[in-house]
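First comes the structure, then the notes that go with it.
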Number of protein chains: 2
Amino acid sequence: MPRSQYHLTQSEENYIKAIFALSGSSDDSISTNLLAERMSTKASSVTDMLKKLAEKELLTYTKYQGCTLTETGRNVAISIVRKHRLWEVFLVDKLQFGWDEVHEIAEQLEHIQSAQLINRLEEFLGFPKVDPHGDPIPNREGKFENIPARSSLSSCEIGTKGIVMGVEDGSPEFLQYLNRIELKLGSEIEIADKLSFDGSLVVIIDGRTTQFSHLLAAKIFIQPTS
Amino acid sequence: MPRSQYHLTQSEENYIKAIFALSGSSDDSISTNLLAERMSTKASSVTDMLKKLAEKELLTYTKYQGCTLTETGRNVAISIVRKHRLWEVFLVDKLQFGWDEVHEIAEQLEHIQSAQLINRLEEFLGFPKVDPHGDPIPNREGKFENIPARSSLSSCEIGTKGIVMGVEDGSPEFLQYLNRIELKLGSEIEIADKLSFDGSLVVIIDGRTTQFSHLLAAKIFIQPTS
DNA sequence: GATAAAATTTAGACTTGTCTAAAAAATGTT
DNA sequence: AACATTTTTTAGACAAGTCTAAATTTTATC
Ligand SMILES: [Mn+2]
Ligand SMILES: [Mn+2]
Ligand SMILES: [Mn+2]
Ligand SMILES: [Mn+2]
């Protein structure tokens, strides 16, 4: 009994994706204001959209209590994330874009409707497990393969060595800064010192010494090797 | 003095593209009803849109007299056609789609906004000159390279031999029929006979004899070799 | 040139997604 | 518990894109 596939608008898909991202692993409900900020819109617009998405059973919504994705809603979100990340791999691996240039284009491509397209793209790309920022790509059943545990650099001790496995993909400026200091996925990194008065870190990246603010370090994820 | 680049909606882009396609080489104006039929919408909706597009100077519109694209409008149309056809090449050459499967997906992909993306895609594909249906791909300056003259099969004499250079890409069913009889771009074709009572043709395709209705023959374009 | 038919536009309505301003509910503070 | 503040919802508006039904203009025909 194939559940009738609602067509979702780009706007609806963007809301679903945002709620999924804000939820993370927890299943606490997401507040209207938080979602409004994330979507760069007003709380009243969010309320309207939540009613509509609740009507379509993509999330549960209780007045004044925020929302939580349903199973269906989560699946929609995962499918969009899958598309976004596979397109990012395409842009970087095949079209030679930098990791700082792909997010905006992928924001558009993630809404292209065709299951066949994305499955063939995945095959064409050789079934990548992570996107250019190290984020895991769910398989066609929507499962994230077991990705080895990663720690934020800011949570590691002095003396920790590791390999860069992921970086936050929010801002192009941040990624361009990483380009400048030649930090990539796979770079070897060591925490040489932590300055207690401002929480900044002295780090050695592939042999080059530099300094990271706490905020910057929080956006880099490593797999510790010692 | 960079002319302020209006953002066009998908709907606006689809209208522009349709007007361009209906205009062909002639510069007669396109009537409201013709456009309405092409867009599968109502004449009243077309009127509204024409007013908007005229306001944006993408076309000239005179009440009761139809519309004509301006230079700017034509450039927009060509850029969309370019994107559509390059994406079709990608889908067929890289993702192994059949020529009957790509149109609908390309209808979505043609609206992705990024000049860099399409230029890099073109390079990745090796600067193809035609799409999977034999239609020419304009270069990044919007020029169609000189494509050798092609004739509709229906307009050729008995005894004409030629190479299939293009087919109409409107309907998947038509393209699937061509698959069935193994007619491809590059196939050698000869008109063995013309039946005067219904205008149908007896043709030989790569050595195999079959029969084409006049309507079907009109959708196949060859470069005559004799 | 008058009249009939066809094409086109206008008027008014509806949906989606957004906004501002005001009302209501929840939360925090004494 | 009462008041103040913050969060959230509601009410009413607007732009885009569409529709139906009615009015208008053009074109065809006698
Ligand atoms: Mn991204
Ligand atoms: Mn990413
Ligand atoms: Mn096509
Ligand atoms: Mn085509």
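A, B, ... follow the sequence lines: proteins, then strands. Residue 1 opens every chain. Everything numeric here is computed off the predicted structure, so don't read it as measured data.
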### Query
Does a donor on one side chain and an acceptor on the other come within less than 3.5 Å for A:Ser152 and A:Ser154?
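Present: a donor and an acceptor within the cut-off.
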
Just the rounded figure in Å: distance from [atom2] of [N] to [atom1] of [X].
X: B:His7; N: D:dA16; atom1: NE2; atom2: P; result: 13 Å
X: A:Leu35; N: C:dT18; atom1: CG; atom2: C1'; result: 14 Å
X: B:Met49; N: C:dT8; atom1: CE; atom2: P; result: 18 Å
X: B:Asn14; N: D:dT18; atom1: CG; atom2: C1'; result: 14 Å
X: A:Lys51; N: C:dT18; atom1: NZ; atom2: P; result: 15 Å
X: B:Leu50; N: C:dT9; atom1: CG; atom2: P; result: 7 Å
X: A:Asp48; N: D:dA11; atom1: CG; atom2: P; result: 11 Å
X: A:Glu55; N: C:dT16; atom1: CD; atom2: C1'; result: 15 Å

When you measure from the side chain of [X] to the backbone of [Y], do you find a donor-acceptor pair of N or O atoms at a distance under 3.5 Å?
X: B:Ser171; Y: B:Phe174; result: yes
X: B:Ser23; Y: B:Ile19; result: yes
X: A:Gln108; Y: B:Gln113; result: yes

### Query
Does A:Asn33 put a side-chain nitrogen or oxygen below 4.0 Å from OP1 or OP2 of D:dT6?
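Checking A:Asn33 against D:dT6: no side-chain N or O falls below 4.0 Å of OP1 or OP2.
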
Measuring from the side chain of [X] (C-beta onward, heavy atoms only), which nucleotide among [options] has the closest atom?
X: B:Tyr64; options: C:dT8, D:dT10, C:dT18; value: C:dT8
X: A:Ser45; options: D:dT10, C:dT18, C:dT8; value: C:dT18
X: B:Lys42; options: D:dT25, D:dT20, C:dC19; value: D:dT20
X: B:Thr47; options: D:dT20, C:dT8, D:dT10; value: C:dT8
X: B:Tyr15; options: D:dT26, D:dT18, D:dT10; value: D:dT18

### Query
Contact class for A:Ser11 (heavy atom, under 4.0 Å): base, sugar-phosphate, or nothing?
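Sugar-phosphate, no base atom in range.
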
### Query
Looking for any heavy atom pair under 4.0 Å, which part of the strands does A:Thr32 touch: base, sugar-phosphate only, or nothing?
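A:Thr32: backbone/sugar contact only, no base atoms under 4.0 Å.
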
### Electrostatic pair B:Glu123:B:Arg140 at N-O distance under 4.0 angstrom
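Answer for the salt bridge query: no.
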
### Message
So, under a plain 3.5 Å distance rule, would you say the side chain of A:Ser44 forms a donor-acceptor pair with the base of C:dT20?
### Response
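Checked by distance alone, the answer is yes.
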
